[in-house]
Amino acid sequence: MISEALASNPEERAPEEASAPRQTFTNKRLEAFGEAARLVKRPTIRLKPSECSIWPGNARDYDLLTEDRVRSLIDSIQSENGNRVPAVVRRTPNAPLPYELITGTRRHWAIAWLNANHYPDIDLVAIIEDIDDEAAFRLADIENREREDISDLERGQNYKAAVDAYYGGVQSRMAERVKLSKTMLARYVGLTDLPDIVISAFASPMDLQVRHGDKLLPLVRQAALRPKLEDAAKMIAAEQSFRQSGDEEPISGSEVVARLIKSTTAPRQGRAQKALIEVAGKAIGQIDKDRARGLTITINPTDQSPDAILEALRPLIANAKILNKG
């Protein structure tokens, strides 16, 4: 998308094109951000990734990038001996590094990886732009809006920070500025209200989507239901960790949501609340007390010793008051 913006100068269109521009997604986005059009035919520079700091206002979490996530881009840059679409940087005269990267985080990461892995001569091709933080945010949003490898949670965190930093905490003001519906913006920002323990139940931040937040947030915001939701999230997170250690398929995002919702529903008549089985602060299973059937003990796969498990069960069984004394 940004490559389209960089390749088409509205001022150079033929008169008939200028009077009736094609209403492509890019054109609509450029209406919201005229600065992008000004980047056309800017001279590029070549620099090393080590000369750039990463602007923290970008939606993408640089620390979450890995070789696997960037593999296709690494191969493309290697074959072309550089990045075809320039990154955007700005000068930082009073900072330790001379440039700050505004867009092109994956390109920066990929070239840094190539430099460290037998390709030290590949440079980062970039355009220098003199823009403030709010304009930088909108430019980064143009590039990132349609990226599928940025999680909804990353977008939500980025949008929340931008609302507070550039738009006086008013979501409607930001929505108008970046041409995003107020409802959609609120849904993204709402994801940031999910507790960390609930987020940890998902195998990857990529699995947590806006539609999941729509279902979980009403439960999180009910004081009576939140503890049940968090207890269930602990158990799911423990199971996700065990599956990961054994190279097993993770629990899908949809299944995580279904299990979390189920944990907040009222138990069937005659059943008591579940009790977590914990060893060293880590949930490894649960106990269900049923008046008709007694106790049902469920223990997830774990690396805890039998003695540790039995020790954790002892007080739970005693508190269940099912033992006949006579």
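Everything numeric here is computed off the predicted structure, so don't read it as measured data.
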- Give a yes or no on whether Arg69 atom CZ has more than 12 heavy-atom contacts from other residues, nucleotides or ligands under 6.0 Å away.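 Correct, the count exceeds 12.
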
- Message: Are more than 12 heavy atoms, taken from residues, nucleotides or ligands other than Gln244, located less than 6.0 Å from that residue's CD atom?
- Response: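 Atom CD in Gln244 is not crowded, with 12 or fewer foreign heavy atoms closer than 6.0 Å.
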
- Would you say the side-chain atoms of Tyr159 and Gln171 include a donor-acceptor pair closer than 3.5 Å?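 Absent: no donor and acceptor within the cut-off.
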
- Message: We want to know whether Ser252 and Glu255 form a side-chain donor-acceptor pair, criterion being a heavy-atom distance below 3.5 angstrom.
- Response: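 No, no side-chain donor-acceptor contact under 3.5 Å.
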
Which atom of [X] lies closest to which atom of [Y], heavy atoms considered:
| X | Y | answer |
| --- | --- | --- |
| Phe242 | Pro301 | CE2-CB, 2.8 Å |
| Thr302 | Ile309 | CG2-CD1, 3.9 Å |
| Ala162 | Met174 | CB-SD, 4.1 Å |
| Lys215 | Pro218 | O-CD, 3.6 Å |
| Arg107 | Val85 | NH1-O, 3.0 Å |
| Thr103 | Ala87 | O-CB, 3.2 Å |

Measure the shortest side-chain to side-chain distance between [X] and [Y] over non-hydrogen atoms and say whether it is less than 4.5 angstrom.
| X | Y | answer |
| --- | --- | --- |
| Glu67 | Trp109 | yes |
| Leu47 | Leu124 | yes |
| Leu194 | Leu217 | yes |
| Gln240 | Ser204 | no |
| Ile277 | Ile297 | yes |
| His212 | Phe202 | yes |
| Ile122 | Asn81 | yes |
| Lys48 | Tyr99 | no |

Do the side chains of [X] and [Y] join up, straight or via other hydrophobic residues, at under 4.5 Å, putting them in one cluster?
| X | Y | answer |
| --- | --- | --- |
| Ile74 | Tyr62 | yes |
| Met184 | Leu216 | yes |
| Ile111 | Val125 | no |
| Leu64 | Ile54 | no |
| Ile127 | Leu97 | no |

If I take atom [atom1] from residue [X] and atom [atom2] from residue [Y], how far apart are they, to the nearest 0.5 angstrom?
| X | Y | atom1 | atom2 | result |
| --- | --- | --- | --- | --- |
| Arg106 | Leu73 | CZ | CG | 5.0 Å |
| Ile131 | Ile128 | CD1 | CD1 | 12.0 Å |
| Asp123 | Ile45 | CG | CD1 | 10.0 Å |
| Glu51 | Arg46 | CD | CZ | 12.0 Å |
| Asn58 | Leu101 | CG | CG | 7.5 Å |
| Gln304 | Glu278 | CD | CD | 11.5 Å |

- Task: Report the C-alpha separation of Arg90 and Asp132 in whole Å, then their side-chain angles, then the decisive distance to 0.1 Å, and conclude whether the salt bridge (Lys or Arg N to Asp or Glu O under 4.0 Å) test is met.
- Result: CA-CA 9 Å; Arg90 62 182 176 185; Asp132 62 18; over 6 Å; no

- Pick one: which of Arg187, Lys160, Arg221 meets salt bridge (charged side-chain N to carboxylate O under 4.0 Å, His left out) with Asp193?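 Of Arg187, Lys160, Arg221, salt bridge (charged side-chain N to carboxylate O under 4.0 Å, His left out) with Asp193 is met by Arg221 alone.
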
- Could you tell me whether Glu230 and Lys234 make a salt bridge, using a distance below 4.0 angstrom between a side-chain N and a carboxylate O?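 The answer is no: the pair does not qualify as a salt bridge.
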
- Query: Would you call Asp141 and Arg155 a salt bridge, using N to O less than 4.0 angstrom?
  - Reply: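 Salt bridge absent between Asp141 and Arg155.
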
- Message: Could you walk me through whether Asp152 and Leu208 satisfy the side chain to side chain contact (heavy atoms under 4.5 Å, CB included) test, starting with their C-alpha distance in whole Å, then the side-chain angles of each, then the deciding distance to 0.1 Å, before giving a yes or no?
- Response: CA-CA 7 Å; Asp152 287 355; Leu208 175 56; over 6 Å; no

- Decide side chain to side chain contact (heavy atoms under 4.5 Å, CB included) for Ile102 and Glu129; before the verdict, give the C-alpha distance in whole Å, the side-chain angles of both, and the deciding distance to 0.1 Å. CA-CA 9 Å; Ile102 303 301; Glu129 181 69 358; over 6 Å; no

- Query: Do Tyr188 and Asn158 pass the side chain to side chain contact (heavy atoms under 4.5 Å, CB included) test, and can you show the C-alpha distance, the side-chain angles, and the key distance before you say yes or no?
  - Reply: CA-CA 9 Å; Tyr188 275 120; Asn158 181 241; over 6 Å; no

- Start with the C-alpha distance between Lys228 and Leu219, add both sets of side-chain angles, then the distance that settles side chain to side chain contact (heavy atoms under 4.5 Å, CB included), and finish with yes or no. CA-CA 10 Å; Lys228 300 177 184 179; Leu219 305 178; over 6 Å; no

